Q: 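Quick one: structure below, then a few questions.
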Protein chains: 2
Amino acid sequence: MSRPNDLRRPLTLRDVSEASGVSEMTVSRVLRNRGDVSNATREKVLKAAKTLGYVPNKIAGALASQRVNLVAVIIPSLSNLVFPKVLSNISDELEDTGLQPVVGVTNYSPEKEEQVLYEMLSWRPSGVIIAGLEHTDAARAMLQNTDIPVVEIMDVDGEGIDSVVGISHRRAGLHMAEAITAAGYRQIGFIGTKMPEDHRARKRFEGFKEGLAKAGLTLADTEFYAGGSALAKGREMTETLLRRSPNLDFIYYSNDMVGAGGLLYCSDLGMDVPAQIGLAGFNGLDLLDGFSQRLATMDACRGEIGRKAAQIVAKRSQNDQVASEVIELEPVLQPGDTIRRI
Amino acid sequence: MSRPNDLRRPLTLRDVSEASGVSEMTVSRVLRNRGDVSNATREKVLKAAKTLGYVPNKIAGALASQRVNLVAVIIPSLSNLVFPKVLSNISDELEDTGLQPVVGVTNYSPEKEEQVLYEMLSWRPSGVIIAGLEHTDAARAMLQNTDIPVVEIMDVDGEGIDSVVGISHRRAGLHMAEAITAAGYRQIGFIGTKMPEDHRARKRFEGFKEGLAKAGLTLADTEFYAGGSALAKGREMTETLLRRSPNLDFIYYSNDMVGAGGLLYCSDLGMDVPAQIGLAGFNGLDLLDGFSQRLATMDACRGEIGRKAAQIVAKRSQNDQVASEVIELEPVLQPGDTIRRI
DNA sequence: GTGAAAGCGCTAACAA
DNA sequence: TTGTTAGCGCTTTCAC
């Protein structure tokens, strides 16, 4: 095979047009499978494009057609395990729509979020899927001012801008508190992250305290951590907490990874879980399947959230007269082996 | 504040120009911090842009300037834990360069990779960072034909197209075999993934067998799995393997997650690790920090790979006369607590 | 320090 | 079925 492109510049439609003896417009039609083109012409064009190694310029195409097949997905983190899952479901759901997700990561910083959003909006995507309901004023204004569909995901506790798909983290925390107190636990501790910007974790925490209050209880002790391997932190923090408050009979963790670390710690010490001490996390990570005892948790509906959000964007990008939707999913308690049965 | 954009169309430079009484050209200069603009004009423009809520159209900008600040990052998976780490390091490293990573996921499918690559190249990014050295002929042709910098990452065992940053997985496997045999293990089993397209896992496996051969050994037994939670699979497969071959004194896992599952299984059964049986994985996940025994592993240099790859792209996008580089990093054995000391 | 004209590579709309 | 024309919203270049 001869070197297809010896030029020092990228190939254009015009090159394919000249190589095939067909007008640029018809070449464009063939390459996009648009309109009626005779088979003979189609073959000629396809062959020319292939041997040249032509790759269309979507920038020019997008400018001319005012259409961009990109969907901006803005999430706080990729190391959380939660978001890769959401993302892969968005990706799967978008598969046959011609839309492509583009990911932006904010590291839980509102300023970074604003910046990433601005950057992404300037590419005029077909939709925006963004985690959470809390944004800077400027970010909120951008989202409100745009005509493209916006889906805020993960959380429904608050005011949405356009469409919303998520769960109530407040109620998730509340229900967990109810389950725990119903199981007879009374000395309850909490281990969470030192992340003021993780609003969903905060809401679960608040809902949890509210649930305890309903049962006439307050948190017996709490511990917060920042950074590091969540599993290792779970272990450490659990030790710290239990040293300080040996009478605890339950620990609620802000996520499954720290919870799993706590579970490992308790197991290693030969503590009787769930009789002596109960444990619960949050997210419903399938990672937990590998442990000898299954940590109690609550499914965050990550998969479903990604799928629904993608569907909304896809639907709206085909017909922009569709109304915005607010979808609240119901997280389900998975009692596992670390809450005692009543 | 009054509604900034009551039009049904996105704002253009012209709108800002009219609102501020400054020419489009000067508005453009202000918004890009280019050229000399008087302070008075700058203020006027900035104010107009802000109150209107103008978001520049990068599509038009890119077409006109022939410059796109995007870097395509093409990886097999996001649920692997390995790639999010690489990605976040790329992202960090690119932070101050004005370049933005755009992620494409291939699910270990060469066809999907080709498709994603084509899609991304059609946006004319400033660089491509792509996992692995194995690609379809068409993908390889696209990468060869393009003028933009290409960095193949993770693996150095093979022929690169342009720049390459990675480790030798073959030698990683080989060195692990040497360490294991040196520690006196003789009945060695292997647990891996059923993924023909995971070339790096395959190379480690081959290198491992080669290392055993040097010590006059062959694998005593092997087991391969597909799908599911790696931790749970590690547990199951270890059970299967040990049931079938109870005389094994070592198991090498194709990655840390399955290895950790195996470790949990052995601990639960009260087996004496590493005296009775030794275990090792691969990747150097910090997840392992939380376990009571630390799994032996080998650092895949994920962080460093991402950083170096990003540096190469950044450097080349500033000066395209820079030569391509091949960087081989050295994975370090982390013996942890699951290989017995000699 | 500022502005006017031309054009980036493609596609919409229309003409043949 | 195919071709022609006129932009899409910016930036480059050059003029003032």
Side-chain angles (χ1 to χ4, degrees), chain A residues 5 7-46 48-49 52 54-69 98 119 121-126 146-147, chain B residues 5 7-46 48-49 52 54-69 98 119 121-126 146-147:
Chain A
N5 176 10
L7 295 71
R8 286 282 44 152
R9 76 177 159 73
L11 295 159
T12 68
L13 259 191
R14 161 174 241 110
D15 295 309
V16 183
S17 166
E18 282 168 1
S20 62
V22 176
S23 79
E24 285 188 44
M25 196 53 235
T26 301
V27 171
S28 169
R29 285 194 185 98
V30 171
L31 265 21
R32 285 177 300 144
N33 289 313
R34 283 284 171 81
D36 291 325
V37 181
S38 75
N39 253 319
T41 325
R42 153 168 282 107
E43 300 296 321
K44 261 194 298 190
V45 169
L46 254 22
L52 287 174
Y54 172 70
V55 178
N57 185 330
K58 288 225 180 201
I59 298 170
L63 184 61
S65 67
Q66 306 281 58
R67 242 191 305 278
V68 177
N69 69 336
E119 182 76 18
L121 284 181
S122 70
W123 287 100
R124 304 285 188 263
S126 290
T146 186
D147 238 14
Chain B
N5 176 12
L7 296 70
R8 285 282 45 150
R9 75 176 162 72
L11 295 159
T12 67
L13 260 191
R14 162 174 239 111
D15 295 309
V16 182
S17 165
E18 281 167 2
S20 61
V22 176
S23 79
E24 285 188 44
M25 195 51 239
T26 302
V27 171
S28 168
R29 283 196 186 97
V30 172
L31 265 21
R32 285 176 301 145
N33 289 312
R34 281 284 173 81
D36 290 326
V37 180
S38 74
N39 254 320
T41 328
R42 151 167 285 108
E43 299 295 321
K44 262 195 295 189
V45 170
L46 255 22
L52 287 174
Y54 172 69
V55 177
N57 185 330
K58 287 226 181 198
I59 298 171
L63 184 61
S65 67
Q66 308 281 59
R67 244 192 303 277
V68 177
N69 70 336
E119 182 77 19
L121 284 182
S122 71
W123 285 101
R124 303 286 187 265
S126 290
T146 185
D147 238 14

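What you see is a predicted model; the values in this text were computed from it and never measured. Chain naming here is simple, since letters A, B, ... match the order of the sequence lines and numbering starts at 1 in each.
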Q: How close do B:Asn69 and B:Gly98 get, heavy atom to heavy atom, and via which atoms?
A: ND2-O, 3.1 Å
Q: Between the side chain of A:Ser122 and the main-chain N/O of B:Val55, is any donor-acceptor distance below 3.5 Å?
A: no
Q: If I take atom CZ from residue B:Arg34 and atom CZ from residue B:Arg29, how far apart are they, to the nearest 0.5 angstrom?
A: 11.0 Å
Q: Check this one for me: any side-chain N or O of A:Arg67 less than 4.0 Å away from OP1 or OP2 of C:dA12?
A: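 A:Arg67 to C:dA12 OP1/OP2: side-chain N or O found under 4.0 Å.
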Q: Tell me: CG of B:Leu13 to C1' of C:dC8, nearest whole Å?
A: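 For the pair B:Leu13 CG and C:dC8 C1', the rounded distance is 15 Å.
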Q: Could you tell me which non-hydrogen atom of B:Val45 sits nearest to which non-hydrogen atom of B:Val16, and how far apart they are?
A: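 Answer, listing the atom of B:Val45 first, then B:Val16: O-CG1, 4.1 Å.
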Q: Please report, rounded to the nearest Å, how far the C1' atom of D:dC10 is from the CG atom of B:Asp15.
A: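 B:Asp15 atom CG is separated from D:dC10 atom C1' by 13 Å.
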Q: Report the distance from atom CZ of A:Arg67 to atom NZ of A:Lys58, rounding to the nearest 0.5 Å.
A: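 The NZ atom of A:Lys58 is 11.5 Å from CZ of A:Arg67, to the nearest 0.5 Å.
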Q: Look at B:Tyr54 and D:dG9 and indicate whether a side-chain polar atom (N or O) is within less than 4.0 Å of OP1 or OP2.
A: no
Q: For the pair made of CD1 in A:Ile59 and P in D:dT11, what is the distance, rounded to whole Å?
A: 13 Å
Q: Restricting to non-hydrogen atoms, name the atom on A:Thr41 and the atom on A:Val37 that form the minimum distance, rounded to 0.1 Å.
A: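 Closest approach of A:Thr41 to A:Val37: CB-CG1, 3.8 Å.
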Q: CG of B:Leu63 versus P of C:dG7: gap in Å, rounded?
A: 14 Å
Q: Could you tell me whether the phosphate oxygens of D:dC10, OP1 or OP2, come under 4.0 Å of any side-chain nitrogen or oxygen in B:Arg14?
A: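 Checking D:dC10 against B:Arg14, no side-chain N or O comes under 4.0 Å of OP1 or OP2.
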Q: Would you mind reading off the distance between A:Lys58 atom NZ and C:dT11 atom C1', rounded to a whole angstrom?
A: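 Atom NZ in A:Lys58 sits about 14 Å away from atom C1' in C:dT11.
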Q: Please determine if a side-chain N or O atom of A:Ser28 lies less than 4.0 Å away from the OP1 or OP2 oxygen of C:dT11.
A: yes
Q: I need the minimum non-hydrogen distance between A:Leu11 and A:Tyr54, along with the two atoms involved.
A: O-CE1, 3.6 Å
Q: B:Leu11 has an atom CG; how far is it from atom C1' of D:dC8, in whole Å?
A: 16 Å
Q: Can you tell me if B:Thr41 touches the phosphate of C:dT2, counting only side-chain N or O atoms and a distance under 4.0 Å to OP1 or OP2?
A: yes
Q: Can you pull out the residues from residues 17-27 of chain B that lie within a 4.0 Å heavy-atom distance of DNA chain C?
A: B:Val22, B:Ser23, B:Met25, B:Thr26
Q: Check each residue of residues 32-39 of chain A for a non-hydrogen atom within less than 4.0 Å of any atom in DNA chain D, then write out the ones that pass by number, or none.
A: A:Asp36, A:Val37, A:Ser38
Q: CZ of B:Arg14: more than 12 outside heavy atoms within 6.0 angstrom?
A: no
Q: Rounded to the Å, how far apart are A:Leu31 CG and C:dG9 P?
A: 16 Å
Q: For D:dG9, does either OP1 or OP2 sit under 4.0 Å from a side-chain N or O belonging to A:Gln66?
A: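 For D:dG9, OP1/OP2 do have a side-chain N/O of A:Gln66 under 4.0 Å.
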Q: Taking the side chain from A:Ser17 and the backbone from A:Val22, do they hold a donor-acceptor pair closer than 3.5 Å?
A: yes
Q: Do the side chain of B:Arg29 and the base of C:dG3 come within less than 3.5 angstrom through a donor-acceptor pair of N or O atoms?
A: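 Yes.
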Q: Report the distance from atom CZ of A:Arg124 to atom C1' of C:dC10, rounded to the nearest whole Å.
A: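 So the two atoms are 18 Å apart, to the nearest Å.
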Q: Please check this pair: side chain of B:Ser65 against backbone of B:Gly61, looking for a donor-acceptor N/O pair closer than 3.5 Å.
A: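 Yes, the answer is positive, given that a donor and an acceptor are paired below the 3.5 Å cut-off.
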